[in-house]
Amino acid sequence: MFGLQICLRRLRQRLTNGPWRYDSWMHLYRGASWSAGATHKSRDSSDERAWPNACDVLVVGGGAVGSSVAYHLKERAREDLSVIVVEQDSTYKTASTVLSLGNIREQFSVAENIQLSMYSRRFLRQVPELLSVEGSDPVDVQFTPQGYLFVTHEEGLKQMQENFKLQTSLGAKVEWLWSRQLQQRFPWLRLGKVVAGIIGDYGNEGFFDPWALLMGLRRKAEWLGARYLDGRVTDLIHRQQATPATGHTPPRILTTAQITVRSGEKRDIQFSTLVVAAGAWSGALGRMAGLGCGTGFLATPIPVEPRKRNIFCVHAPHGPWKDCPIFNDYTGLYFRPDRSGQLYIIGMSPSEDKEPPADDLQVDYQFFDTDMWPILAERVPAFENLKVRSAWAGFYDYNTLDQNLIVGFHPVYKNMCLATGFSGHGIQQSPAVGRAVMEYILDGKSHSINLERFGFDRILANQPIKEMMVM
Ligand SMILES: Cc1cc2nc3c(=O)[nH]c(=O)nc-3n(C[C@H](O)[C@H](O)[C@H](O)COP(=O)(O)OP(=O)(O)OC[C@H]3O[C@@H](n4cnc5c(N)ncnc54)[C@H](O)[C@@H]3O)c2cc1C
């Protein structure tokens with residue numbers, strides 16, 4: 001592995017063009033070189049090349065986050081870094097990415113979340129150039145500008161005012177509306193206890209096609225030389241370091257992933273860095289490394305699990321409302337028009353005590369009838385006559401501590417970089433988080449946006465960063 005260390009060092013020198021920093025995990029690498037097979041000249045991952053036995057970076061999960069990581073790494077490091085993405089289901093039928101709504105907003109209560117979305121929005125606008133591949137049609141993520149409207153009752157007013165202050169201080173284009181202004185602008189709303197709202201700029205917020213983004217990222221990452229493998233990571237092998245790390249848990253290095261392929265055969269890949277981008281299944285991946293099963297720091301799991309969320313697509317005969325924003329009620333209910341403007345897409349997270357089991361993706365129509373429809377009909381009388389046309393369910397990659405991303409290197413597993421736990425706002429953060437992980441791996445820290453607070457240390461310290469605007 002020593003050869004690899006030198007290779008990464010040279011790469012960093014080239015990339016930073018000057019003196020570069022060593023971070024703690026770099027010093028841990030000593031051993032055999034595995035440069036063989038480290039560069040990928042072919043641009044086709046579905047080829048007959050031999051199963052690789054080693055790589056520099058192994059990304060577990062080829063959804064939007066994993067693919068964004070692969071794209072950003074290869075875009076910057078090119079042939080100097082070998083990147084393999086392992087994806088257990090290349091149809092992506094249960095991946096959160098393809099089941100998400102693809103909404104993007106600047107309205108958050110935590111500064112980093114605003115900054116992440118701002119970068120992602122710029123990225124989405126530039127997708128045709130950034131993700132272009134010679135000889136192929138440009139990617140069209142169908143970005144549809146549509147402002148978000150968040151409304152609050154009296155109890156949430158102070159928080160909303162703080163959010164507004166933060167958003168404007170960071171350059172978000174948002175407008176404050178008191179109830180009278182809300183009523184004038186959106187006469188189809190029945191305000192009830194609503195006292196105020198914030199509306200976002202129609203150019204800066206909106207929605208896009210997550211599948212197109214995923215395919216665009218994946219295609220470009222592969223074109224740049226990243227290799228995608230069909231298979232499921234079923235075990236992670238580590239070795240322990242002699243020197244003590246933070247606290248009393250000695251540091252560890254993950255060395256090898258065991259991958260089970262469709263035939264049931266098990267194959268190993270060694271790596272220098274592992275990226276956890278397994279979405280809702282990240283907690284399960286962590287358990288393969290003993291996280292949540294050991295003592296000391298190892299007693300703390302990656303606190304990410306699947307949580308089922310239902311989305312309903314309805315026709316409301318007395319709509320559509322041309323000016324309908326992406327509406328977010330203080331009860332947690334949200335809706336927006338679809339691209340045709342004829343149908344409305346509606347969702348709501350259940351309260352903690354009503355969380356359904358996450359063992360299947362069956363739609364819970366009863367939840368719509370008992371919990372969502374009464375709020376809908378109350379807030380928008382024209383929804384009284386709606387008809388549900390279709391519905392689907394997907395898994396949130398739910399961070400049980402604070403419903404926010406976890407990003408950066410693990411304090412014990414020094415070469416395990418996390419990119420998970422987005423809990424309902426991950427598709428919009430995927431471009432920015434891919435860049436952040438690239439910076440962690442190549443530069444030792446995320447410098448474009450400082451994401452230090454979002455590392456695993458807050459999980460160990462049990463210090464949530466509460467995002468007040470999660471849906
Ligand atoms: C109904 C719904 C609506 C949403 N709406 C929005 C929205 O409007 N805006 C927004 O920003 N976000 C939204 N989200 C959240 C967003 O979809 C996710 O946060 C985001 O897609 C996470 O991307 P990911 O790549 O981490 O996860 P995924 O897309 O789930 O990808 C993870 C991949 O890892 C693979 N994997 C897991 N374990 C292994 C293993 N052991 N070996 C190999 N592969 C493995 C899986 O097969 C999967 O493909 C929504 C989510 C849902 C469910």
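Quick caveat, the model's predicted, so the values are computed rather than measured. Counting starts at 1 for both ligands and their atoms, following the listed order. Hydrogens, waters and symmetry mates play no part in the numbers below; they use all other heavy atoms, side chains included.
Contacts between Val60 and ligand 1 below 4.0 angstrom, taking non-hydrogen atoms only, involve the side chain exclusively. Contacts with ligand 1 closer than 4.0 Å are made by no heavy atom of Ala284, backbone or side chain. Heavy atoms of Leu101 found under 4.0 angstrom from ligand 1 belong to the backbone as well as the side chain. With a 4.0 Å heavy-atom cut-off, ligand 1 is reached by the side chain of Ile311 but not by its N, CA, C or O.
A donor-acceptor contact closer than 3.5 angstrom is absent between the side chains of Thr255 and Gln270. Donor-acceptor pairing under 3.5 Å is recorded for the side chains of Arg339 and Thr144. Looking at Asn113 and Gln429, their side chains do bring a donor and an acceptor atom within 3.5 Å of each other. In the model, Glu106 has no side-chain atom that pairs as donor or acceptor with a side-chain atom of Ser117 under 3.5 Å.
Residue Val86 has at least one heavy-atom neighbour below 4.0 Å for each of these atoms of ligand 1: 43 (C), 44 (N). In summary, the atoms of ligand 1 found under 4.0 Å from a heavy atom of Gly61, numbered by their order in the structure, are 33 (C), 34 (O), 35 (C). Short contacts between ligand 1 and Ala277, defined as distances under 4.0 Å to a heavy atom of the residue, involve ligand atoms 32 (C), 34 (O). Residue-ligand proximity, Gln428 to ligand 1, at heavy-atom distances under 4.0 Å covers atoms 9 (N), 10 (C), 11 (O). Atoms of ligand 1 lying under 4.0 Å from at least one heavy atom of His425, given by number and element, are 10 (C), 11 (O), 12 (N). Residue contact check: Gly231 has heavy atoms under 4.0 Å from atoms 43 (C) of ligand 1. Within ligand 1, counting atoms from 1 as listed, the ones closer than 4.0 Å to a heavy atom of Phe422 are 19 (O).
Looking from atom 26 (O) of ligand 1 to the surrounding protein, the closest heavy atom is Val65 CG2, 3.4 Å. Remark: minimum distance from atom 18 (C) of ligand 1 to any protein heavy atom is reached at Asp397 OD1, 3.6 Å. Shortest contact from atom 3 (C) of ligand 1 to any protein heavy atom: Ser100 CA, 3.5 Å. Taking atom 44 (N) of ligand 1 as the reference point, the nearest protein heavy-atom neighbour is Gln88 N, 3.2 Å. Regarding atom 35 (C) of ligand 1, its nearest protein heavy-atom neighbour is Glu87 OE1, 3.3 Å. For atom 8 (O) of ligand 1, the nearest non-hydrogen atom of the protein is Asn103 N, 2.9 Å. Considering only non-hydrogen protein atoms, atom 23 (O) of ligand 1 sits nearest to Thr97 OG1, 3.5 Å. At the shortest separation from atom 41 (N) of ligand 1 among protein heavy atoms lies Val233 O, 3.1 Å.
Residue nearest to atom 51 (C) of ligand 1, selected from Tyr396, Tyr92, Phe208: Tyr396 (by heavy-atom distance).
For the side chain to side chain donor-acceptor pair (under 3.5 Å) test with Asn103, the passing option among His425, Arg336, Gln428, Gln146 is Arg336; the others fail. For the pairing with Ile427, the side-chain contact (heavy atoms from CB on, under 4.5 Å) check across Ile104, Val98, Thr97, Leu214 returns one residue only, Thr97.
Thr300 contributes atom OG1, which lies 9.0 Å from atom CD1 of Ile459 (distance to the nearest 0.5 angstrom). We find the CZ-SG distance between Arg389 and Cys313 to be 8.0 Å, quoted to the nearest 0.5 Å.
Among the atoms of Trp392, none of the N or O lies under 3.5 angstrom from an N or O of ligand 1. In terms of N/O distances under 3.5 Å, ligand 1 is not approached by Phe395. When only interatomic distances are considered, the shortest N/O to N/O separation between Ile427 and ligand 1 falls below 3.5 Å. Note: no N/O pair closer than 3.5 Å links Gly394 and ligand 1 by distance alone.
Within the 6.0 Å centre-distance limit, the rings of Phe335 and Phe383 are counted as a close aromatic pair. In summary, the aromatic rings of Phe186 and Phe327 are positioned with their centroids too far apart to meet the 6.0 Å limit.
Between Arg307 and Gln403, the closest side-chain pair of non-hydrogen atoms is not below 4.5 Å.
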**OP:** Report the C-alpha separation of Asp235 and Lys266 in whole Å, then their side-chain angles, then the decisive distance to 0.1 Å, and conclude whether the salt bridge (charged side-chain N to carboxylate O under 4.0 Å, His left out) test is met.
**Re:** CA-CA 10 Å; Asp235 201 5; Lys266 294 186 191 317; over 6 Å; no

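Contact annotation: Gly424 has at least one heavy atom less than 4.0 Å from an atom of ligand 1. The shortest heavy-atom distance from Ala393 to ligand 1 is not under 4.0 Å. Within the 4.0 Å heavy-atom shell around ligand 1 one finds Gly102.
Cation-pi geometry between Arg105 and Phe108 is satisfied (NZ or CZ under 6.0 Å from the ring centre, within 45° of the ring normal).
With a 6.0 Å radius and a threshold of 12 heavy atoms from other residues, nucleotides or ligands, Glu129 has its CD atom above the threshold. The local environment of CD in Gln362 is sparse, with at most 12 non-hydrogen atoms from other residues, nucleotides or ligands closer than 6.0 Å. Counting non-hydrogen atoms of neighbouring residues, nucleotides and ligands closer than 6.0 angstrom, the CD atom of Glu162 exceeds 12 such neighbours.
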